[in-house]
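Encoded as structure tokens, the structure appears first; notes follow it.
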Amino acid sequence: MTTVKLPDGPTSPAFLQAIEVMAGRTRAWRRLHERYGSAFTVYLPRFGRVVVLSEPAEVKALFTASAEVADNVDVNLGEFLGPGSLFALEGAEHRKQRKLLTPPFHGRRLAVYETLIEEETVRELATWPQGREFATMDSMMRITLNVILRAVFGAEGKEFDELRELLPKLVLVGSALAALPVPRKFLGRYGPWARFAAYRRDYDEIVGRLVDRAATDERLAERDDVLAMMLQARYDDGTPMTRGEIADELLTLLTAGHETTATTLSWTIERLRRHPEVLRRLVDEVDEGGSALREATLLEVQRVRPVIDMTARKIRAESMQLGRWTLPKGQNVVVSIRLMHDNEDLFPNARTFDPNRFVGVRPGTFSWIPFGGGARRCIGAAFATMELNVVLRTLLRDFTLEPTEAPDERTHFRGVALVPAEKGRAVVYRRAPRPVTAEAEQVTHEQSIA
């Protein structure tokens, strides 16, 4: 009989452990790490008793384990995103769906969306006030939402406006219910579950109209949006995706790529305003048509301010030997992204914001993990990376971002994402148009087709 061996952890009542983590996630992770080391056992809401890991070899072993040994955690995501969502599917069904959805988010196809992203960025930045401080996060949310509605949903006209109004409310209620589970019977038909169900019905009706319109579109094969590709995609046995699967996956892509990308952009502004030398070099680089420092800066922002601070697995085998630990079937395991990114062995001077560490250096697959890892790594990571790059490039090209000596913005937990408490406040001035050299034009062209 296998002997279970779990890391040490706090012995206080479960509800006190949960309150401590919820009150200050980064502070709690770091305190527990200082006391118990790179692995500990703690109680988390919705997850129960979990083993938290941050030792690189153990994290790699967990990420590379087969789905039969360790797979998705049961947190009832099917209730929010639907049973056809990648977050809800497991094992072979997850692999089958992921294979079908991977092509739109990789390779040269990403270049198709670059102009669209720049258009939405220019349109939103045109509304920014000059010379007075304002919060940028709402603007970033509008950019990323509009991009997803056009690039993923293929929405326009009435459906575009309806989804733009509906989806933020649906995601907000769903995030709150996921973070702080409320009994379904709470307030009956007037409670948060009833509100979420009503939003979901409206969403399904709008997506149904989009599917109907796309299915009869004679130019469907020429469209670049992900919905069109879903309608044309076929599983290995030749069957198409069902309407329910399409609706669930579209909502999954929105949820995974809307708030998270917008939050990273807000954190980027927050970090750059407090590092004027990096900001100056980035402006010089964008004027010269370069991108290496900008790409490194975005990697570093996601390292020091990860929007999602953990990713989880559930042990499916009878037991799993994971480095020093023997974990039983059913044990939930959390990888702390925050603690991995704090690791001094992986990132010297880890608490320091230093984009230079990534200039010309590819981050480690099992050390830099803002998108998670293994078979559950975010399917839209390449799309999000491209979107971050285009938005930041456009901002630096068109506006001067004023530095500040204000204290760092605190981290605020908003149901799913860790956001800047003051929403990434900025002061900007529009830059005068600058002539673009032939060399810079050529570099930009090469980047757009790379």
Minimum heavy-atom distance [X]-[Y], with the two atoms named:
{"X": "I269", "Y": "G424", "result": "CG2-O, 4.2 Å"}
{"X": "G257", "Y": "T144", "result": "O-CB, 4.4 Å"}
{"X": "G84", "Y": "D248", "result": "N-OD2, 2.8 Å"}
{"X": "S54", "Y": "N343", "result": "O-ND2, 4.2 Å"}
{"X": "E409", "Y": "P420", "result": "OE1-CB, 3.1 Å"}
{"X": "A214", "Y": "L231", "result": "CB-CD1, 3.4 Å"}

Taking the side chain as C-beta and beyond, is there a heavy-atom pair between [X] and [Y] under 4.5 Å?
{"X": "I337", "Y": "H341", "answer": "yes"}
{"X": "T136", "Y": "F134", "answer": "yes"}
{"X": "Q302", "Y": "L388", "answer": "yes"}
{"X": "R123", "Y": "N146", "answer": "no"}
{"X": "K99", "Y": "D236", "answer": "yes"}
{"X": "T263", "Y": "L418", "answer": "no"}
{"X": "L299", "Y": "T385", "answer": "no"}
{"X": "P240", "Y": "R234", "answer": "yes"}

Nearest-0.5 Å distance, [atom1] of residue [X] to [atom2] of residue [Y]:
{"X": "D217", "Y": "L210", "atom1": "CG", "atom2": "CG", "value": "11.5 Å"}
{"X": "K423", "Y": "E270", "atom1": "NZ", "atom2": "CD", "value": "15.5 Å"}
{"X": "R425", "Y": "R132", "atom1": "CZ", "atom2": "CZ", "value": "9.5 Å"}
{"X": "R303", "Y": "D342", "atom1": "CZ", "atom2": "CG", "value": "7.5 Å"}
{"X": "E119", "Y": "T115", "atom1": "CD", "atom2": "OG1", "value": "6.5 Å"}
{"X": "I369", "Y": "F63", "atom1": "CD1", "atom2": "CZ", "value": "4.5 Å"}

(message) Set out, in order, the CA-CA distance, both residues' side-chain angles and the distance that settles side chain to side chain contact (heavy atoms under 4.5 Å, CB included) for E114 and R393, then state yes or no.
(response) CA-CA 11 Å; E114 186 169 336; R393 182 187 71 200; 2.9 Å; yes
Would a distance-only check, ignoring hydrogens and angles, find a side-chain to backbone donor-acceptor pair under 3.5 Å from [X] to [Y]?
{"X": "Q331", "Y": "R49", "answer": "yes"}
{"X": "R338", "Y": "R30", "answer": "no"}
{"X": "R377", "Y": "F371", "answer": "no"}
{"X": "T261", "Y": "H258", "answer": "no"}
{"X": "Q232", "Y": "A228", "answer": "yes"}
{"X": "E259", "Y": "V419", "answer": "no"}
{"X": "E402", "Y": "V427", "answer": "no"}
{"X": "S85", "Y": "G82", "answer": "no"}
{"X": "R98", "Y": "A375", "answer": "yes"}
{"X": "H412", "Y": "A421", "answer": "no"}

(request) Can you label the angle between the Y113 ring and the F383 ring as parallel, tilted or perpendicular, going by 30° and 60°? (result)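 If you compare the ring of Y113 with that of F383, the planes turn out perpendicular.
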(request) Report the relative orientation of the aromatic rings in W29 and F40; use parallel for angles under 30°, tilted for 30 to 60°, perpendicular for over 60°. (result)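 The rings of W29 and F40 sit tilted, inter-plane angle from 30° to 60°.
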(request) Please report the C-alpha distance between E205 and R201 in whole Å, then the side-chain angles of each, then the deciding distance to 0.1 Å, and finally whether the salt bridge (charged side-chain N to carboxylate O under 4.0 Å, His left out) criterion is met. (result) CA-CA 6 Å; E205 192 275 328; R201 284 193 298 271; over 6 Å; no
(message) Exactly one of V152, L253, L250 should register a side-chain contact (heavy atoms from CB on, under 4.5 Å) with L227. Which one does?
(response)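 Running side-chain contact (heavy atoms from CB on, under 4.5 Å) over V152, L253, L250 with L227 returns exactly one hit, L250.
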(message) Using the side-chain contact (heavy atoms from CB on, under 4.5 Å) definition, which of the options I315, L327, V73 pairs with N332?
(response)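 That would be V73; it is the only one of I315, L327, V73 passing the side-chain contact (heavy atoms from CB on, under 4.5 Å) with N332.
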(request) Determine, for F353 and R274, whether the Lys NZ or Arg CZ falls below 6.0 Å from the six-membered ring centre while staying within 45 degrees of the axis. (result)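 So R274 doesn't make the cation-pi contact.
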Does one side chain, of [X] or [Y], offer a donor that lies under 3.5 Å from an acceptor on the other?
{"X": "S291", "Y": "E295", "result": "yes"}
{"X": "Q97", "Y": "E245", "result": "no"}
{"X": "T394", "Y": "E118", "result": "no"}

Does this structure show an ion pair linking [X] with [Y], if we count only N-O contacts that are shorter than 4.0 Å?
{"X": "D202", "Y": "K169", "answer": "no"}
{"X": "E285", "Y": "R281", "answer": "no"}
{"X": "R164", "Y": "D161", "answer": "yes"}
{"X": "R150", "Y": "D225", "answer": "no"}

(message) As a test of understanding, state which of R305, R294, R357 forms a salt bridge (Lys or Arg N to Asp or Glu O under 4.0 Å) with E300.
(response)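 Only one of R305, R294, R357 forms a salt bridge (Lys or Arg N to Asp or Glu O under 4.0 Å) with E300, namely R357.
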(request) Given salt bridge (charged side-chain N to carboxylate O under 4.0 Å, His left out), test R200 with D204 step by step and report yes or no. (result) CA-CA 6 Å; R200 179 65 202 241; D204 287 337; 3.0 Å; yes
(message) Taking side-chain hydrogen bond (donor to acceptor under 3.5 Å, both in side chains) as the criterion, tell me which of R313, K314, R376 meets it with D71.
(response)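 Running side-chain hydrogen bond (donor to acceptor under 3.5 Å, both in side chains) over R313, K314, R376 with D71 returns exactly one hit, R376.
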(request) Determine whether more than 12 heavy atoms belonging to other residues, nucleotides or ligands lie under 6.0 Å from atom CZ of R430. (result)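 Result for CZ/R430: enclosed.
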(message) Quick one, L167 with L251, criterion side chain to side chain contact (heavy atoms under 4.5 Å, CB included). Give me CA distance, side-chain angles, the key distance, then yes/no.
(response) CA-CA 9 Å; L167 287 171; L251 184 57; 4.2 Å; yes
(request) Please step through side chain to side chain contact (heavy atoms under 4.5 Å, CB included) for the pair W267 and V304, ending with a clear verdict. (result) CA-CA 10 Å; W267 276 124; V304 299; over 6 Å; no
(request) Would you check, one step at a time, whether the test side chain to side chain contact (heavy atoms under 4.5 Å, CB included) holds for Y43 with L16? (result) CA-CA 9 Å; Y43 182 88; L16 291 179; over 6 Å; no
